[in-house]
J.: 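I'd like to ask you about the structure that follows.
So you know, we letter chains A, B, ... as the sequences are listed, proteins then strands, and number each from 1. Fair warning: this is a prediction, and the values are worked out from it, not measured in the lab. What's counted below: heavy atoms across the whole structure, side chains too, no hydrogens, waters or symmetry copies.
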Protein chains: 2
Amino acid sequence: MTRRTRVPHEAAHPDTTPIRGVPEATVARLPLYLRALAALVDRGVDTVSSEELAESAGVNSAKLRKDLSHLGSYGTRGVGYDVNYLRRQISREVGLTQDWPVVIVGIGNLGQALANYAGFASRGFRVAALVDADPALTGKQVAGLTVQHTDDLERLVAQLSIAIGVIATPAVAAQQVCDRLVAAGVTSILNFAPTLLHVPEQVGLRKVDLSIELQILAYHEQRRSGAPLALTAEQAAELAQAVRG
Amino acid sequence: MTRRTRVPHEAAHPDTTPIRGVPEATVARLPLYLRALAALVDRGVDTVSSEELAESAGVNSAKLRKDLSHLGSYGTRGVGYDVNYLRRQISREVGLTQDWPVVIVGIGNLGQALANYAGFASRGFRVAALVDADPALTGKQVAGLTVQHTDDLERLVAQLSIAIGVIATPAVAAQQVCDRLVAAGVTSILNFAPTLLHVPEQVGLRKVDLSIELQILAYHEQRRSGAPLALTAEQAAELAQAVRG
DNA sequence: GCAACTTTGTTCCTGGGTTCACAAGACCCT
DNA sequence: AGGGTCTTGTGAACCCAGGAACAAAGTTGC
């Protein structure tokens, strides 16, 4: 299984470079492929077929091939993909070859968990600053960093050249923090607060909502376990009664 | 704004009940609507138009109306939706009217953050048990609960009638924990470990992946901030063409 | 009761994403 | 060199979601 594969190199594919049109759905899957590739590297595998890689990433193989084809023509027909080469290409495409300093705002339970999360550091993301509005927290050491006060937010963002901000504050504070981050020059925001944030057009925004995920699970769980899908006439009447007050 | 609205009740709409065909995309938005409705209740609003509700949920009003129409015909033309009534209907549809005991496995930083997360309790989810494999942790108090050892996992799931499990363990332990949860009778799993989990067909599975979200942000951030998007000769020609055009 | 107005529920259309299926290409063996 | 085998990359069909636009239905004012 360790046959030598001809590794295609940049010069050989001059006009297959990212045509700038990578679909959003594809972008969302690239990290999955990276993770699967990392696992293959650890196992010492150096060539992988779309079928195998798709299997370990949990997607359809045709979808994988199409996704990769959006990035370029990395791969050798009849053989598969060179694991290390493909990994490097995807990493570059996603932007993981550079260093991304990140500020985390809100050092509660979640903020501390995020600060300590190994998955960030391992992917080129570097927690550069921790900020909280609570004076009792500032000065405290978390994950090897000193928690700074929110008053210094703008200065920190500028001095540390931070482009990515993580919001882990209570919902009520989130929009204000968001505004300040944007004003300070942050152009990408990851929001953990359970609230809708407004940002200018050109600022990237994604949200992670823990309770929403649970609710989606509950929806399906409800109709799996014999839930009373249809209300009885009695229940309906009772409900209507309650509403009418 | 407090005019009395006629509330439609079940009996009046016998054949518009959930026909069991709510699109997945709609299900994912129902929690958003619930949140927006809760905010309206707090503000004392009791009638809302699709336009207003859509605004506060951050979606298109046509989409909102279509989503709601999948649940039934809860609204009054020319008036809008009764806030409390609609909220109850969606809550019921999602399954939030019942109590959902949840077990969290893996009481590290993230697990503790989840155990303390207020958003769970407020939505009908009740953290019923905390489990960890580390003997140093078992017996410790977290969020008002005593951490139990993994050995007792099956017993706890059975005794507490737990249907939903949250995995917050390291990646290597996740699949094993998952298997044990499923074997113990859990039918919905929320996975925070950065790994692909395999579950039987009939078990619900969702994942929250912190580093993936950051990577997606980084992708867009990279091409916003002057990324070295090397144009090929072909692309350059095309672009020049477009400019001249 | 009737006309003007408001807002829902739905129809139609468009576009993106997923999947199948296969042609194009690369390797291997004789 | 040439057939056989493998796997990629892609063309085409299908499905689902989003959005505009409108008819249906209810409300308000006279």
Side-chain angles (χ1 to χ4, degrees), chain A residues 1-8 12-13 15-30 32-33 45-55 57-83 85-86 89-90, chain B residues 1-9 12-13 15-19 21-30 32-33 45-55 57-83 85-86 89-90:
Chain A
M1 285 299 168
T2 45
R3 51 187 170 175
R4 195 73 202 94
T5 327
R6 192 184 70 79
V7 173
H13 298 268
D15 46 1
T16 52
T17 11
I19 326 287
R20 260 296 199 162
V22 182
E24 195 57 31
T26 295
V27 173
R29 278 187 297 267
L30 293 181
L32 259 51
Y33 304 151
V45 180
D46 55 23
T47 301
V48 69
S49 70
S50 66
E51 197 66 52
E52 294 166 314
L53 185 55
E55 163 74 19
V59 302
N60 181 298
S61 71
K63 182 154 52 174
L64 168 66
R65 287 197 298 277
K66 189 161 283 187
D67 282 345
L68 295 185
S69 79
H70 284 125
L71 308 188
S73 195
Y74 313 135
T76 312
R77 296 180 192 225
V79 176
Y81 300 88
D82 181 277
V83 173
Y85 179 73
L86 183 57
Q89 294 306 322
I90 299 180
Chain B
M1 285 299 168
T2 44
R3 49 187 168 172
R4 194 76 199 97
T5 327
R6 191 186 69 81
V7 172
H9 53 285
H13 298 269
D15 44 2
T16 53
T17 12
I19 328 286
V22 182
E24 194 56 32
T26 295
V27 173
R29 279 187 296 268
L30 293 182
L32 260 51
Y33 303 151
V45 180
D46 56 22
T47 301
V48 68
S49 70
S50 65
E51 197 67 52
E52 294 166 314
L53 184 55
E55 163 74 20
V59 301
N60 182 297
S61 71
K63 184 155 48 175
L64 168 67
R65 288 198 298 276
K66 191 174 290 185
D67 282 344
L68 294 185
S69 77
H70 284 125
L71 309 188
S73 196
Y74 309 136
T76 310
R77 298 180 191 224
V79 176
Y81 300 89
D82 180 278
V83 173
Y85 179 73
L86 182 58
Q89 293 306 322
I90 300 180

J.: Please list, pair by pair, any protein nitrogen or oxygen found under 3.5 Å from a nitrogen or oxygen in nucleotides 22-24 of chain C.
T.:
from, atom 1, to, atom 2, distance (Å)
dA24(C), N3, Arg77(A), NH1, 2.6

J.: So which pairs with a foot in residues 68-80 of chain B pass salt bridge (charged side-chain N to carboxylate O under 4.0 Å, His left out), sequence neighbours left out?
T.: none
J.: At less than 4.0 Å, is any side-chain N or O atom of Ser49(B) found next to OP1 or OP2 of dT7(C)? Yes or no.
T.: no
J.: For a quick test of reading the model: is some side-chain N or O of Ser73(A) closer than 4.0 Å to OP1 or OP2 of dG9(D)?
T.: yes
J.: So, does Tyr81(B) get its side chain near the phosphate of dG9(C), meaning an N or O under 4.0 Å from OP1 or OP2?
T.: yes
J.: For dT8(C), take OP1 and OP2 only and decide whether either is under 4.0 Å from a side-chain N or O of Ser50(B).
T.: yes
J.: Just to verify, what does Arg65(A) make a salt bridge (Lys or Arg N to Asp or Glu O under 4.0 Å) with, not counting sequence neighbours?
T.: none
J.: Do Thr76(A) and Asp82(A) touch side chain to side chain, with heavy atoms closer than 4.5 Å?
T.: no
J.: For the pair made of CD in Glu51(A) and P in dC20(C), what is the distance, rounded to whole Å?
T.: 11 Å
J.: Would you mind reporting whether Tyr33(A) and Leu64(A) have side-chain heavy atoms less than 4.5 Å apart?
T.: yes
J.: Give me, pair by pair, the N or O atoms of the protein and of nucleotides 12-18 of chain C that are less than 3.5 Å apart, along with how far apart they are.
T.:
from, atom 1, to, atom 2, distance (Å)
dT18(C), OP1, Arg29(A), NH1, 3.1
dT18(C), OP2, Arg29(A), NH1, 3.3
dT18(C), OP2, Arg29(A), NH2, 2.9

J.: Sequence neighbours left out, what passes side chain to side chain donor-acceptor pair (under 3.5 Å) with Glu51(A)? Give chain and number order.
T.: Ser61(A)
J.: Using whole Å, report how far CG of Leu86(A) lies from C1' of dT8(D).
T.: 13 Å
J.: Could you list the residues that satisfy side chain to side chain contact (heavy atoms under 4.5 Å, CB included) with Lys63(A), not counting sequence neighbours?
T.: Arg29(A), Val59(A), Asn60(A), Asp67(A)
J.: Return the value, rounded to whole Å, for the distance between atom CG of Leu64(A) and atom P of dC20(C).
T.: 14 Å
J.: Quick one: does Leu86(A)'s side chain get under 4.5 Å of Leu53(A)'s, heavy atoms only?
T.: yes
